[in-house]
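Position 1 is the first residue of the sequence, and the numbers go up from there. Remember, predicted model here, so these are calculated numbers, not experimental data.
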Amino acid sequence: MEPPVEPRARRLFGGSARALGDLATSPFRADRDRIVGSPFFTRLGGVTQVISPGGSGLLVHNRLTHSLKVAQVARAIAERLTADDWQRDLVEKLGGCDPDVVEAAALAHDLGHPPFGHLGERVLDRLARHRLGLTDGFEGNAQSYRIVTSTEIRGAATTGLDLTAAVRAAMLKYPWTRLDHPDPHPRLMDPPPRGASAPPDDPESGSAKFGAYRTELDDLRQARAPFAGRIADWQQTVEASVMDTADDIAYAIHDVEDFYRVGVLQQGAVAAELMAWQREGASLRAITDAALTASARRPGAAIERLRRQLHHKDGWIAADDAFAAAVEHVREELVEGLLALPFDGSIEAEQYVARFSARWTTRLVDAITVVEAPSMRSGHVLLAPAQWHEVQVLKFVHHRFVLARPDLALHQRGQARLLGTLVEALLEWLLDPEEESRLPRRLHDLVELAEAELHPRTPDRIGKARGRAIVDFVAQLTDGQAVAMLDALSGRSGALWTDAFVL
């Protein structure tokens with residue numbers, strides 16, 4: 001008879017194909033090493049965070065550097081929580097929080113992001129559902145989970161990375177499928193958890209964000225099984241909540257850094273918006289939503305819309321006093337601080353950026369707390385109200401003064417067209433009976449994998465397998481590989497051996 005396993009150890013190791021072994025040797029460090037050693041992690045260096053890595057003329061964050069920073073912040077949060085006696089007791093009651101687990105999950109959380117970042121995610125989802133007939137479509141988080149459980153190859157079998165249950169559970173920011181797990185589905189709750197709502201323009205499509213495709217549902221259930229009775233079926237584990245919060249913190253800070261360096265964030269424009277709202281907030285609050293929309297170009301109107309959106313979506317935490325204080329703090333730190341001097345590439349300028357980043361990271365990590373019964377819109381790990389509002393304002397600056405720019409939109413529309421054309425070209429190639437023996441080996445393998453996952457009586461099983469294989473294949477490309485592959489398939493490339501055939 002096997003000796004009994006202490007519950008904490010069972011949770012930590014449960015689900016892994018590896019034996020429990022010596023507790024002194026953390027299997028989560030092995031998980032981390034497997035993730036970092038994966039080619040899917042390496043490729044993130046060539047995948048867009050906000051703009052393509054080669055598109056700015058300067059070094060900006062890509063998905064690899066973003067993942068490294070999320071891992072750094074996540075580990076800092078986990079270590080802080082486990083150092084506090086009161087919070088540590090509550091964390092253990094909820095299932096535990098191991099710094100190695102959250103670091104590994106943070107490193108893996110973006111493995112499934114396709115070329116061109118969130119734009120590529122939206123385009124592939126639309127093509128997967130409407131062109132390739134895949135009900136589950138495409139979702140970056142679900143694709144990351146698919147990679148670590150099935151499409152990454154180790155040895156002779158396609159088994160994923162063979163990660164522990166705790167790390168796989170910690171990757172699940174959205175621990176539900178698009179349409180039917182758990183039951184009742186989170187999108188039907190009132191209010192639904194963050195990310196669970198269907199897109200407003202496509203209410204029948206299921207949740208906008210989800211953590212696993214139905215092909216990986218059994219694995220999701222097994223990874224989450226050790227947490228049954230501790231947290232709700234739709235709720236993140238504490239470790240997933242830490243990773244998710246760290247993702248928000250890193251995103252809010254380093255995107256501001258990037259666009260300050262590039263010269264996109266200008267002090268005058270940001271100051272005009274924030275200070276106009278501070279001067280005219282009372283009159284802006286008094287006008288109707290329709291009038292506010294009609295005066296969209298009026299300084300201060302955009303941030304007033306943010307204030308209203310926060311009350312509408314997150315009334316559990318949104319507060320006018322905290323929002324006003326956050327606007328003031330961001331104005332002081334960003335307008336009068338970071339943006340006061342243009343970035344000139346000097347050592348002094350780099351040190352200035354580093355101090356801004358370190359100061360904000362420390363402020364936000366120190367504001368983390370754990371709650372036993374969080375809002376439906378929150379995880380168990382969250383920022384204090386003051387810092388939560390500050391993150392919303394920082395993200396607003398990024399959305400308003402970067403993502404809304406026409407020049408970025410022009411660039412992204414071209415990338416969207418490129419992905420659509422690439423999917424069509426690969427589908428045409430896959431359907432050509434004379435070319436079957438000359439398909440890229442990776443694409444051929446992915447078709448076989450997808451076909452094996454589907455039930456033999458699945459309608460149009462071969463078609464759906466081909467569709468999923470194309471999506472998997474394109475999602476594994478870097479930005480540069482996607483461009484090079486389309487150039488080759490369209491006859492524009494004069495080179496026989498190109499970056500298109502790395503995979």
Side-chain angles (χ1 to χ4, degrees), residues 8 11-12 28 67 69-84 86-110 141 144-145 163-176 182 186 189 191-196 207 209-212 220 223-252 313-314 316-317 361 364-385 387-388 391-392 395:
R8 171 66 173 165
R11 185 194 73 79
L12 296 178
F28 311 134
S67 296
K69 288 196 173 180
V70 174
Q72 180 184 35
V73 174
R75 187 174 189 94
I77 293 173
E79 290 175 346
R80 182 178 180 278
L81 295 182
T82 53
D84 182 289
W86 180 85
Q87 297 203 100
R88 182 171 60 245
D89 291 344
L90 178 55
V91 164
E92 285 297 320
K93 179 181 177 182
L94 295 169
C97 183
D98 187 291
D100 286 332
V101 170
V102 296
E103 183 180 8
L107 290 169
H109 85 283
D110 267 352
N141 294 280
S144 295
Y145 199 75
L163 305 181
T164 57
V167 170
R168 286 180 284 126
M171 289 177 62
L172 292 166
K173 292 168 64 173
Y174 310 103
W176 53 80
M189 296 177 179
R194 186 167 56 92
S207 291
K209 307 297 291 183
F210 54 99
L220 179 152
R224 296 266 306 179
F227 301 92
R230 295 174 180 262
I231 54 176
D233 286 345
W234 53 267
Q235 182 61 275
Q236 299 169 334
T237 66
V238 169
E239 288 154 338
S241 190
V242 169
M243 182 269 288
D244 191 13
T245 304
D247 193 16
D248 245 14
I249 290 172
Y251 172 81
K313 288 187 174 182
D314 290 294
W316 62 277
I317 191 172
T361 300
L364 297 177
V365 169
D366 286 348
I368 294 293
T369 189
V370 183
V371 295
E372 185 169 3
S375 159
M376 296 280 286
R377 293 271 302 167
S378 172
H380 287 285
V381 176
L382 66 161
L383 288 161
Q387 285 70 36
W388 183 89
V391 167
Q392 306 314 309
K395 289 163 72 173

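Of all non-hydrogen atoms in Ser67 and Asp110, the two that sit nearest each other are OG-CB, 3.8 Å. Heavy atoms only, all atoms of each residue included: Ala169 and Ala223 are closest at CB-O, 3.7 Å. The two residues Val365 and Arg80 come nearest to each other via the heavy atoms O-CD, 3.4 Å. Nearest heavy-atom pair, Pro175 versus Pro182, reported as atom, atom and distance to 0.1 Å: O-CD, 4.1 Å. Residues Val242 and Ala78 approach most closely at CG1-N, 4.3 Å, considering heavy atoms. Residues Arg230 and Leu94 approach most closely at CB-O, 3.8 Å, considering heavy atoms.
Residues Lys395 and Asp248 meet the side-chain proximity criterion, which asks for heavy atoms closer than 4.5 Å. Side-chain contact check for Leu383 versus Leu364: some heavy-atom pair is nearer than 4.5 Å. Under the 4.5 Å side-chain criterion, counting only non-hydrogen atoms from C-beta, Ser207 is in contact with Trp176. Using a 4.5 Å heavy-atom threshold, the side chains of Ile317 and Ser378 count as separate. Between His109 and Ser144, the closest side-chain pair of non-hydrogen atoms is not below 4.5 Å. At least one side-chain heavy atom of Glu239 sits under 4.5 Å from a side-chain heavy atom of Val102.
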- Task: Start with the C-alpha distance between Ile231 and Arg224, add both sets of side-chain angles, then the distance that settles side chain to side chain contact (heavy atoms under 4.5 Å, CB included), and finish with yes or no.
- Result: CA-CA 10 Å; Ile231 54 176; Arg224 296 266 306 179; 3.9 Å; yes
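Atom OH of Tyr145 is separated from atom CG of Leu172 by 5.0 Å, given to the nearest 0.5 angstrom. Note that OG1 of Thr361 is 10.5 Å distant from CG of Asp366, once rounded to the nearest 0.5 Å. Here CD1 of Ile368 is found 7.0 Å from CG of Leu382. Values are rounded to the nearest 0.5 Å. Atom OG1 of Thr369 and atom CD of Gln387 lie 11.5 Å apart (nearest 0.5 Å). To the nearest 0.5 Å, the span separating CD on Glu92 from CG on Leu81 amounts to 11.0 Å. Rounding to the nearest 0.5 angstrom, the gap separating the OG1 atom in Thr82 from the CD1 atom in Ile77 is 11.5 Å.
Panel note: side chain Gln236, backbone His380; no donor-acceptor pair is recorded below 3.5 Å. Under the 3.5 Å distance criterion, the side-chain polar atoms of Arg168 are left unmatched by any main-chain donor or acceptor of Leu220. The backbone N or O of Pro191 sits nowhere less than 3.5 Å from a side-chain atom of Arg377 that would complete a donor-acceptor pair. Counting only distance, with no hydrogens or angles, the side chain of Gln87 and the backbone of Val370 share a donor-acceptor pair below 3.5 Å. Here the side chain of Gln235 pairs no donor or acceptor atom with the backbone of Met376 at under 3.5 angstrom.
Ion pairing between a basic and an acidic side chain is recognised when a charged N comes within 4.0 Å of a carboxylate O; Arg75 and Glu79 show such pairing.
The side chain to side chain donor-acceptor pair (under 3.5 Å) search around Asn141 returns Glu139, not counting sequence neighbours. Taking the salt bridge (Lys or Arg N to Asp or Glu O under 4.0 Å) definition, one finds that Asp244 meets it with Lys173, Arg194, sequence neighbours left out.
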